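On a predicted model such as this, the values are computed, not experimentally measured, just so you know. Counting from 1, the numbers follow the sequence of the chain as shown.
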Amino acid sequence: MTTTQSISLFGEREKGETVRTQNMTAAVAIANIVKSSLGPVGLDKMLVDEVGDVTVTNDGATILKLLEVEHPAAKVLCELAQLQDEEVGDGTTSVVIIAAELLRAADELIKQKIHPTTIINGYKLACKESVKFIQDNLSIPATDLGKNCLLNVAKTSMSSKIIGSDKDFFANIVVQCCELIRFTNTRGETKCPMKTINVLKAHGKSTKESMFIKGYALNCTVASQLMPKTIKNAKIACIDFSLQKAKMKLGVQVVVDDPEKLDAIRQREADITKEKIQLILNAGANVILTTGGIDDMCLKYFVEAGALAVRRCKKEDLKRIARATGAAFVSSLSNLEGEESFDAAFLGTAEEVGQTRICDDELIIIKGTKAKPAASIILRGANDIYVDEMDRSVHDSLCAVKRVIESKTVVPGGGCVEAALSIYLENFATSLGSREQLAIAEFAQAMLVIPKTLVVNAAKDSTELVAKLRAFHNASQTIEAKRAFKWIGLDLENGKCRDNKDAGVLEPAMSKIKSLKFATEAAITILRIDDMIKIYQPSKEDPNSYANAVREGRL
């Protein structure tokens, strides 16, 4: 039963099947936008904003972020891609496709007069069983696969990106970065803090001239050519204010009756900044990084002290450097007593800070940071659009490797997990005697959307290849002698099935588990909606305006 009625809230209310069908249509429309960009042979999208800025990408989260989506149910899928990007970093396209397919399947069941609550309970049970099955049967400990495991995870993540042709080169850089910054915390957990990796972009030259640097690279230069270019055993001060001649605040007036006192005021203005600089230098600082400016008068004091000063650093970079070197991010020299002081404990330490020419740019590189190791990647490419997409690809790959280092488990890629889950859930559904059986069977069928989309994007016959893949996984789950078939996935280049564990097509287990959970939760959220009230925007037109007066015949 569907109804549309006006309500007293100066709006419109829609109930029943109409709302669900609208929501499903919106979700499928969003999924269709990103569908063709899935997999190693997926295509890119070009997005042009209202200013004319062009973005070329096949990253699901980026595509949906740049779309101006108005439908509330479609917005849920856009937020879902952002959540997957923040939590895992990879698998943003597949999570949206799965969520839309689950909604489409649910809509078919509702048309067969099955209650949404039954479908929701079935989906929850299917998701729980899927996660358990992945953890028990498809997860491979990363330690079992040796040193190449991380390289293969990085290559798998990159194979669908713009840098897929140079994946061996970039995978090596990504793994070097992650290996450098990994550490074990006090609880014995391995952590890989992404914020200690700085990715710099410089267009020009070829992609193969991108490089990995041990240390934190800053896209800045020394404030004066008279300063030393390299400082060993650096004591670093990170400050968040300008070192410029002090000026009176706006609106402050000083009335002087003696002209000589004017010189004294000017001298005092100069001395205020000099005292600040002396406090920093007396604490032992020989490298000063500031987010503000440093004027010529203040530069003189740093040059005389033989210190290296860098101005106009990004605040985000400075906070990362403070964390890596153990420095304090100082936004004011005032202490609790109301006086100005700078303690030596505020300084961070590094083995060396120096200005180096890399590619066409001068960069400040901080090596041997004391508190946490830092790494940098400098990306080169033909133009800004290409380099931006390289940055997104490297970020996804870094996130995938980070997740494997932290969770220590991987699963085979290429549609292997989804095909195995489809067979398992179909068998599991037949073992249930309740109404949820139908919802679980639809969930199992929805899982096949990933291998089907991968095959279609590779311009191969999806019906034949997915049928072969399902046959392999059915054999692995029913015949003990063929258990090894559970690693079988798709080889999209040659259009056949292969053992993806041996082929090195690996993904973080966490990525698959989280994407299943997120997609199911998003589908359930939209499925719960059966009533939509749309409030009309109140008219902003003035009732006493000239146009209204003419219209109503008051003039």
Side-chain angles (χ1 to χ4, degrees), residues 195-205 209-245 273-274 276-277 280-281 284-325 327 329-331 346-370 373-381 383-384 387-388 390-391:
K195 288 188 176 176
T196 53
I197 300 173
N198 191 25
V199 180
L200 292 174
K201 299 176 284 187
H203 66 268
K205 302 210 175 175
E209 288 183 50
S210 302
M211 61 179 74
F212 159 69
I213 295 167
K214 284 184 181 178
Y216 199 93
L218 259 178
N219 198 7
C220 302
T221 55
V222 293
S224 167
Q225 293 305 311
L226 298 171
M227 288 177 180
K229 296 290 185 289
T230 307
I231 300 253
K232 303 271 186 189
N233 299 322
K235 301 283 183 197
I236 301 167
C238 298
I239 56 176
D240 186 25
F241 52 85
S242 295
L243 293 171
Q244 291 171 330
K245 187 180 172 185
T273 313
K274 185 182 178 182
K276 282 184 180 178
I277 291 166
I280 296 166
L281 291 172
N286 52 14
V287 175
I288 294 87
L289 308 175
T290 175
T291 55
I294 306 173
D295 63 15
D296 292 344
M297 186 191 80
C298 301
L299 280 177
K300 182 182 74 152
Y301 303 125
F302 289 124
V303 171
E304 285 169 359
L308 187 151
V310 181
R311 57 189 167 193
R312 308 275 177 221
C313 300
K314 284 184 189 168
K315 191 178 275 192
E316 189 186 358
D317 280 337
L318 218 52
K319 282 181 177 173
R320 289 178 180 180
I321 290 165
R323 274 197 294 270
T325 59
F329 187 65
V330 182
S331 52
F346 295 164
L347 299 175
T349 51
E351 287 172 15
E352 187 184 322
V353 176
Q355 180 171 298
T356 315
R357 188 173 190 81
I358 289 175
C359 310
D360 304 336
D361 300 319
E362 298 278 355
L363 302 174
I364 300 286
I365 296 177
I366 300 162
K367 294 180 182 172
T369 49
K370 184 191 172 187
S376 298
I377 299 172
I378 295 169
L379 297 175
R380 306 306 305 269
N383 53 40
D384 287 340
V387 174
D388 286 341
M390 281 172 70
D391 183 19

Legend entry - Candidate pair Leu243 and Phe241, rule side chain to side chain contact (heavy atoms under 4.5 Å, CB included), full reasoning: CA-CA 7 Å; Leu243 293 171; Phe241 52 85; 3.7 Å; yes

Inset, instruction - Could you check Ile321 against Leu218 for side chain to side chain contact (heavy atoms under 4.5 Å, CB included), going step by step and ending with a plain yes or no? - result: CA-CA 9 Å; Ile321 290 165; Leu218 259 178; 3.6 Å; yes

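Leu363 has its side chain out of reach of Thr356: every pair of non-hydrogen atoms, C-beta onward, lies at least 4.5 Å apart. Put simply, the side chain of Val330 does not reach to within 4.5 Å of the side chain of Ile280, judged on heavy atoms.
A donor-acceptor pair is defined here as one N or O able to donate and one able to accept, closer than 3.5 Å; no such pair exists between the side chain of Arg380 and the backbone of Ser210. With hydrogens and angles disregarded, no donor-acceptor distance shorter than 3.5 Å links the side chain of Thr325 to the backbone of Gly348. The backbone N or O of Ala234 lies less than 3.5 Å from no partner atom in the side chain of Asn286, so there is not a single donor-acceptor pair. Looking only at distances, a side-chain donor or acceptor of Gln355 sits under 3.5 Å from a matching main-chain atom of Val222.
Counting all heavy atoms, side chain and backbone alike, Leu281 lies closest to Ala305 at CD1-CB, 3.8 Å. Of all heavy-atom pairs spanning Leu347 and Ala237, the tightest one is CD2-CB, 3.7 Å. Counting all heavy atoms, side chain and backbone alike, Ala217 lies closest to Asn198 at O-ND2, 2.6 Å. Looking at every heavy atom in both residues, Pro373 comes nearest to Thr196 through O-CB, 3.6 Å. Across all their heavy atoms, Thr230 and Leu308 have their closest contact at N-CD1, 4.5 Å. Shortest non-hydrogen contact noted between Ser224 and Val303 is OG-CG2, 4.0 Å.
Within a 6.0 Å sphere centred on CD of Glu362, heavy atoms belonging to other residues, nucleotides or ligands number more than 12.
Note that the CZ atom of Phe302 and the CE atom of Met227 stand 6.5 Å from one another [nearest 0.5 Å]. For the atom pair CD1 of Ile239 and OG1 of Thr290, the computed distance is 4.5 Å after rounding to the nearest 0.5 Å. Of the inter-residue distances, the one linking Ile366 atom CD1 with Glu352 atom CD reads 11.0 Å to the nearest 0.5 angstrom. Separation of atoms CG (Leu200) and CD1 (Ile377) is listed at 10.0 Å; rounding is to 0.5 Å. Distance check, rounded to the nearest 0.5 Å: SG of Cys220 to CD1 of Ile364 gives 7.0 Å. Note: Lys370 NZ to Lys235 NZ = 7.0 Å, rounded to the nearest 0.5 Å.
Exactly one residue among Leu299, Ile277, Thr273 makes a side-chain contact (heavy atoms from CB on, under 4.5 Å) with Ile294. That residue is Leu299.
Every residue two or more places apart in sequence or in another chain was checked for a side-chain hydrogen bond (donor to acceptor under 3.5 Å, both in side chains) with Asp391, and none qualifies.
Among pairs with a residue in residues 305-322, those fulfilling side-chain hydrogen bond (donor to acceptor under 3.5 Å, both in side chains) read Tyr216-Asp317, Asp240-Lys315, Glu316-Arg320, at least two apart in sequence or across chains.
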